[in-house]
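Notes to accompany the following structure.
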Number of protein chains: 2
Amino acid sequence: MELTKSMEDYLESIYILKKQKRYVRIKDIVEKFNIAAASVTEAMLKLSKKNLVEHEKYGYIDLTEKGMEEARRVYSRHKILYKFLKNILLVSEGNSENDACEMEHIISKESYEKLVKFCDFVNKDTDTSSLLDKFHNSIDSKEGSCNDNGGDKMKNKRLNELKLGETGIILKIEGDKKLRKRLMDMGMLPGTDVKIVKVAPLGDPIEMKIKGFHLTIRKEDAKNILIED
Amino acid sequence: MELTKSMEDYLESIYILKKQKRYVRIKDIVEKFNIAAASVTEAMLKLSKKNLVEHEKYGYIDLTEKGMEEARRVYSRHKILYKFLKNILLVSEGNSENDACEMEHIISKESYEKLVKFCDFVNKDTDTSSLLDKFHNSIDSKEGSCNDNGGDKMKNKRLNELKLGETGIILKIEGDKKLRKRLMDMGMLPGTDVKIVKVAPLGDPIEMKIKGFHLTIRKEDAKNILIED
DNA sequence: TAAACTTATTAGGTGAGCCAAAATAGGAGG
DNA sequence: CCTCCTATTTTGGCTCACCTAATAAGTTTA
């Protein structure tokens with residue numbers, strides 16, 4: 001199907017309006033989005049051609065079964081995103097709503113499903129609520145730790161500087177060609193996630209998990225791998 | 001400033017490429033996004049005019065101080081979203097990356113900051129990790145509970161059907177005009193969040209929290225308020 | 001029932017962001 | 001120094017999602 005963000009927005013708003021008003025007309029959508037009526041008329045024409053909406057000239061607007069499905073798909077994403085932002089992260093109502101409105105169009109099915117499970121889990125598990133309270137308290141107190149961008153310049157580490165249990169993403173591999181090739185053959189490509197799983201007594205060698213399997217390299221070699229975390 | 005998604009993407013990619021390559025050229029960006037070189041040339045022109053990028057014809061591309069700031073703002077959002085999706089929700093690498101790539105442009109400052117704190121909290125608090133493990137285990141086992149859209153039709157409840165502690169969003173208020181006006185004057189407008197905080201023995205009256213203050217209404221009246229959760 | 005008002009449609013136009021094809025610049029090797 | 005190849009720019013065109021202004025269809029009301 002592949003709908004644009006706008007088209008999804010129109011379908012979703014028709015869906016919501018119909019729950020409240022029984023009859024939806026061009027004007028309702030105009031008011032909802034604050035756009036020119038001409039734009040809505042045009043959009044309804046397009047959606048009609050795609051069999052997502054029924055709309056005869058100067059008449060009421062309705063969703064087809066297909067349109068309903070799409071609208072529900074989008075709206076269910078909206079709701080879970082809103083809940084997560086509002087109730088778990090304690091984002092303000094306005095920002096939760098706006099962010100949910102945008103993210104609903106782009107979140108993948110997998111992320112959506114995992115987020116549903118996460119919210120479910122937080123709701124049902126009793127241990128979680130006290131922990132969540134703890135988190136909510138901590139939000140207000142310490143205002144630090146959050147570098148929007150200013151301040152420290154996000155300087156990069158090298159692989160040997162990562163501590164046990166830490167994770168990072170490979171940014172770049174330095175050193176001579178031979179070494180670079182050898183490391184890359186082992187799966188160390190820029191963009192790959194690594195996690196340090198064991199460090200020998202003197203910090204050498206270092207064992208890491210990469211692409212699901214374990215890999216051990218010498219500290220000397222690790223110095224050639226730039227990491228960002 | 002108000003940059004479009006595309007422009008933010010270009011800035012971000014230049015930022016990342018420069019960390020890896022020292023010199024960034026049109027071709028690098030072409031390869032990164034798989035678009036025509038003409039589009040990149042055009043975009044660089046626009047960014048130059050906005051003083052975000054330095055680029056002389058047929059030469060190297062560099063970020064100005066201002067461009068660097070913007071790039072870092074976007075990139076820091078990317079990283080935290082990726083981490084959250086990948087490490088907390090256990091979304092696959094590909095989807096985490098793609099979703100982060102899109103969401104980075106739209107997430108509000110507040111949501112971003114709260115998400116940073118949340119990830120921080122999860123990392124530092126030791127109680128959390130065991131709980132997170134519990135969540136991660138639960139992900140694989142129960143595959144249910146996640147209605148993408150099919151199946152149940154998201155039917156709406158009425159306010160009196162909400163249980164203690166549950167939350168919902170007001171969808172619509174029915175009943176005669178007088179009642180509707182009275183309820184709306186108390187702040188019950190469509191779109192408002194409510195949370196049930198107390199229910200008297202026979203389910204009447206019902207006390208709820210709405211817009212920060214408490215409100216008590218009769219069960220009879222609550223039946224007129226449609227809720228979606 | 002016709003004027004007055006509201007709502008919707010048509011027509012024509014804009015900017016963003018992409019494209020293909022043609023023209024041009026820069027660098028490497030003969 | 002010229003030729004060839006690749007990288008870049010120019011040109012002209014396309015779609016999407018908006019817009020304004022003019023027109024037409026419904027609706028209300030005197």
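Just so it is clear: chains get the letters A, B, ... in the order the sequence lines come, proteins before strands, and each one is counted from 1.
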Let's see if you can work this out: which of [options] has an atom nearest to the side-chain heavy atoms of [X]?
X	options	value
B:E42	D:dC18, C:dG26, C:dC19	C:dC19
A:Y10	D:dC18, C:dC18, C:dT9	D:dC18
B:A37	D:dG26, C:dC18, D:dT8	D:dT8

Can you tell me the distance, in whole Å, between the [atom1] atom of [X] and the [atom2] atom of [N]?
X	N	atom1	atom2	answer
B:M44	D:dT8	CE	P	11 Å
B:K57	C:dA23	NZ	P	17 Å
A:K27	C:dT7	NZ	C1'	8 Å
B:K46	D:dT9	NZ	C1'	16 Å
B:E56	C:dA25	CD	P	15 Å
A:I35	D:dA17	CD1	P	11 Å
B:D9	C:dG17	CG	P	10 Å
B:F33	C:dA16	CZ	P	18 Å

Can you check whether A:S108's main-chain N or O pairs, donor with acceptor, with B:D99's side chain at less than 3.5 Å? yes

Please check if the side chain of A:S39 supplies one atom and the backbone of A:I35 the other of a donor-acceptor pair under 3.5 Å. no

Could you check if a side-chain atom of B:V53 sits within less than 4.5 angstrom of a side-chain atom of B:D62, using non-hydrogen atoms only? no

I want to check something: taking the side chain as every heavy atom from C-beta on, are A:E70 and A:L63 in contact at a cut-off of under 4.5 Å? no

Taking any heavy-atom pair under 4.0 Å as a contact, classify B:T41: base, sugar-phosphate, or nothing. base

Checking all strands, does B:S39 fall into the base, sugar-phosphate, or nothing category for heavy-atom contacts under 4.0 angstrom? base

Between NZ on residue A:K86 and CD1 on residue A:I88, distance to nearest 0.5 Å: 12.5 Å

Upstream residue (5' side of DNA chain D) when A:A36 and B:G59 are each assigned their closest nucleotide: B:G59

Report the residue (A:M7 or A:A38) whose heavy-atom-nearest nucleotide on DNA chain D is the more 5′ of the two. A:M7

Any side-chain N or O of [X] below 4.0 angstrom from OP1/OP2 of [N]?
X	N	answer
A:R25	C:dA8	yes
A:S6	D:dC16	no
B:H55	D:dT9	yes

